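Take a look at the structure below.
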Amino acid sequence: MSSLLTDLNPQQLEAITLPHQSVLVLAGAGSGKTRVLTTRIAHLIQSGQVSPHGVLAVTFTNKAAKEMLTRITAMLPINTRGMWVGTFHGLCNRMLRTHCQDAGLLQTFQILDMADQLGMIKRILKRLSVDDKQFPPRQVQWFINNAKEAGLRAAYVEVDDTFSRRLLELYQAYEQQCNRDGVVDFPELLLRCYELLSRNEILRDHYRERFHYILVDEFQDTNRLQYKWLKLLAGADTKTPAAVFVVGDDDQSIYAFRGADTKNMKEFERDFGISKVIKLEQNYRSHGNILEAANALIKNNSGRLGKNLWTDEGQGEPLRVYNAPNDYDEASFIVDEIKALHAEGVALSQIALLYRSNAQSRVLEHSLFNASLPYRVYGGMRFFERQEIKHALAYLRLIANPEDDNSLLRVINFPTRGIGSRSLEQLQDEARHLDSSLWAAALHKIGGEVTIMQQTEKVQKGVVGFIQLITTMRQDWGALPLPQIVEQMLTQSGLIAHYSKEREGADRLENLNELINAATSFVHEAEDDSLAAFLAHAALEAGEHQAGSGQDALQLMTVHAAKGLEFHSVFLSGLEEGLFPHENSMNDTNGLEEERRLMYVAITRARRSLYLSLAQSRMLHGQTRYNIPSRFLNEIPENCLKWLQSVPQQSMNPYHSEKNTVVKKEKFSQQSAPSSQWRIGQNVQHAKFGLGVIVNYEGSGSDARVQVNFNRVGTKWLLLEYAKLAVV
DNA sequence: ATTCTTTAGTTTTTT
DNA sequence: ACTAAAGAAT
């Protein structure tokens, strides 16, 4: 009947055209999941079952949300403005901004990212003089976020030992501080919003009345709180619940580490009285060998909901595996293969280079840069996370709300204006006395001592200057458009001047300029172009701002970031035990199964060709590590794989040999050369400490000592004369 | 108070 | 290897 519904298989068609009821769609990788989701929305609107106003679609990443909107607008020539499409956090932020009073928040409430949050926790630990050895800030952060993601306020957390009790007190102190500063962390966005809806019947009914159709992508990655929020919003327990269309794949659940729980799928079936589960099992993406490899691998996981992907396509080429002697050789192999593919006509943007952890991108980038292959890195160090941008944002936040202690502390002496630790301490004491923010304390101090004039002027000059600076900035705010506010702030704060003076400041200045551009384009694109909205955008979409996205470039990202994307060719690097699966996850079954799902995700990104590579040795944390091939390679059937030979040739790898000689030269020039068997990188055996690698040495003759990194006991300095080291 | 130097922790993945 | 924090020197 309509062009929307052509070229669909029966299951896809059924999912798309389902009447007003809730449904669970189990969609395997490459089964047209996103297409089904977007087509359903378009179909619902086109057939008049709902107006854009009544649709709410939740995705997991901003990238996915954007993609969804683009696809819908391509299918339907309508204005999608009324539709709510976004991430859980984005949608909650939107609701909280709209109803900030009911939510007990300032109009200008700010969002803390993970680093901000950690800084805040560190500050609280210091204030309460808690030993941060005993209570590592990271662990406190983990505790707080976990509680929030389970939907628990401090008052409801149950603890049974003194350690947890202390953690709970810290949680409480943290909550207080957040409330006073008017800041909100990531899980707080959800929890606040959930509480708002459950407390406020009018609002709840308003939104229930509005959103008759709710669609959720990547449902397997939702955590408990997100699910509760969804249930509440949809009115699962009412007579007229919304039609909730949920798409997920338990085999692609890779966010358990931040509370995602596939049990939500079972609960969804129960809570929404699901009578229909639709399975999409035909894969339209990958060739046979790739799919066979993925299926065989994921079979090793237990407790799957069960589904088997199949394809009409031919077997295609085998997966190519390359076992490199070291990480530089691995990189140059990848570079060569990418060049070859590109020469054959594959667009660089259709080639992805994936890795398990961000740290691995360095070596790869180096080789790509030397080969002048254009590439684009997703994730890693993001624009809004750079320190100069963080400083600038802190000033902007203070303009919006000077009570924000976090931001104040970040920039009160940056650029330096003579406010040292001493003055800061005084200020913090004052704030504690008054039980107020640092800003209020500073105002109070100046106000109080203005009568004593002379001395104050000397002691507090820096602080007075800072207060005047922020006050002046605040006066202009409101009158000026956003980009001008940013521009003025950059000069008035002295950030520009500071980075102009710095040796390596050129990049930073460029980034600060880019911030003005970001503000300009934000004003053009966003409906709400207020300062607060811009700051929320900066916190929530930290990764989305990427310069130079226009040209054809190779795509570099972690496997996590690659979920939901597909490429003609995929390179998966670092397939070694300890790296992938990661050593932190290898010890328990759950961790290992999640790693395997991650591997599954990685494999299924490829349409036509897939390259797997590993290195026998690689630099990590400044040390050479020797790894064995990943167990996942053994889980892929041999007939899918084609092992490539590595050719040990000096000329093939000029960078690596050059680098090595540089390192060695330095060592030799400063110290006498030890006998040839004791050299850096040599594997040795010690009677007591076991196996290790020599990482450094000094002295000579009877004084000669070597530093050895032992597998079991870490690094030790040993006198060669006494330590009976054996070469392995 | 600021800047230079040394040291310790850190990195798994992300909204 | 790299960065943030602590310590020492100016």
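Values in this document were obtained by computation on a predicted structure and should not be read as measured data.
Looking at A/Glu188 and A/Lys148, a side-chain N of the basic residue comes within less than 4.0 Å of a carboxylate O on the acidic one, giving a salt bridge. Ion pairing between a basic and an acidic side chain is recognised when a charged N comes within 4.0 Å of a carboxylate O; A/Arg304 and A/Glu593 show no such pairing. Salt bridge annotation for A/Arg597-A/Glu594: present, with a cationic side-chain nitrogen under 4.0 angstrom from a carboxylate oxygen. Salt bridge A/Lys390/A/Asp116: present, at least one basic N to carboxylate O contact under 4.0 Å.
At least one test fails for A/Arg596 against the ring of A/Phe632: distance under 6.0 Å to the centre or angle within 45° of the axis.
Here the P atom of nucleotide B/dT11 and the NE2 atom of A/His560 are 16 Å apart, to the nearest Å. One can place CE of A/Met586 at 13 Å from C1' of B/dT12, the figure rounded to the nearest angstrom. Residue A/Lys122 contributes atom NZ, which lies 8 Å from atom C1' of C/dA5 at whole-angstrom precision. For the pair A/His366 NE2 and C/dA1 P, the interatomic distance rounds to 13 Å; values are reported in whole Å. The nearest whole Å value for the distance from the CG atom in A/Leu189 to the P atom in B/dT14 is 19 Å. In this entry the distance linking CZ of A/Arg625 with P of B/dT10 reads 17 Å, nearest Å. Regarding A/Arg362, its CZ atom lies at a distance of 12 Å from the C1' atom of B/dT11, rounded to whole Å. Rounding to whole angstrom units, CD of residue A/Glu365 and P of C/dA1 are separated by 16 Å.
Remark: A/Arg138 is in phosphate contact with B/dT11, judged by side-chain N or O atoms under 4.0 Å from OP1 or OP2. For the pair A/Thr222 and B/dT15, the criterion of a side-chain N or O lying under 4.0 Å from OP1 or OP2 is not met. The phosphate of B/dT15 has neither OP1 nor OP2 within less than 4.0 Å of any side-chain N or O from A/Asn145.
Ring-plane geometry between A/His391 and A/Phe414 is classed as parallel, the angle between the planes falling under 30 degrees on a 0 to 90 degree scale with a further cut at 60.
Among the nucleotides C/dA1, B/dT15, B/dT13, the one closest to the side chain of A/Asn62 is B/dT15. The side chain of A/Arg258 has B/dT15 as its nearest neighbour among B/dT12, B/dT2, B/dT15. Residue A/Thr558 has its side chain nearest to B/dT13 when only C/dA6, B/dT10, B/dT13 are considered. Distances from the side chain of A/Ala359 to the nucleotides C/dA1, B/dT11, B/dT15 place B/dT11 closest. When each of B/dT15, B/dT2, B/dT10 is scored by its nearest atom to the side-chain atoms of A/Thr416, the top-ranked nucleotide is B/dT2. Nearest to the side-chain atoms of A/Ser357 among the listed nucleotides B/dT2, C/dA6, B/dT13 stands B/dT13. Here B/dT14 is the nucleotide among B/dA1, B/dT11, B/dT14 with the atom lying nearest to any side-chain atom of A/Ala561.
Separation of the A/Tyr255 and A/His560 ring centroids falls under the 6.0 Å cut-off.
When heavy atoms are screened at a 4.0 angstrom cut-off, A/Arg597 is found touching no nucleic acid atom at all. Here A/Asn93 lies out of heavy-atom contact (under 4.0 Å) with every strand. Across all strands, A/Phe88 comes closer than 4.0 Å to no nucleic acid atom at all (heavy-atom distances). Among the protein residues, A/Asn358 comes within range of the sugar-phosphate backbone only, with heavy atoms under 4.0 Å from sugar or phosphate atoms but none that close to a base.
By the stacking rule of 5.5 Å between ring centres and under 30° between planes, A/His582 stacks on the base of B/dT12. Remark: ring of A/Phe257 stacked against base of B/dT13; centroid gap under 5.5 Å, plane tilt under 30°.
If A/Pro136 and A/Gln226 are placed on DNA chain B by their nearest nucleotide, the residue sitting closer to the 5' end is A/Pro136. Taking the nucleotide of DNA chain B with the nearest heavy atom to each of A/Ile419 and A/Asn584, the more 5' of the two is matched to A/Ile419.
In the interface, the side chain of A/Arg356 is paired with the base of B/dT13 through a donor and an acceptor atom under 3.5 Å apart.
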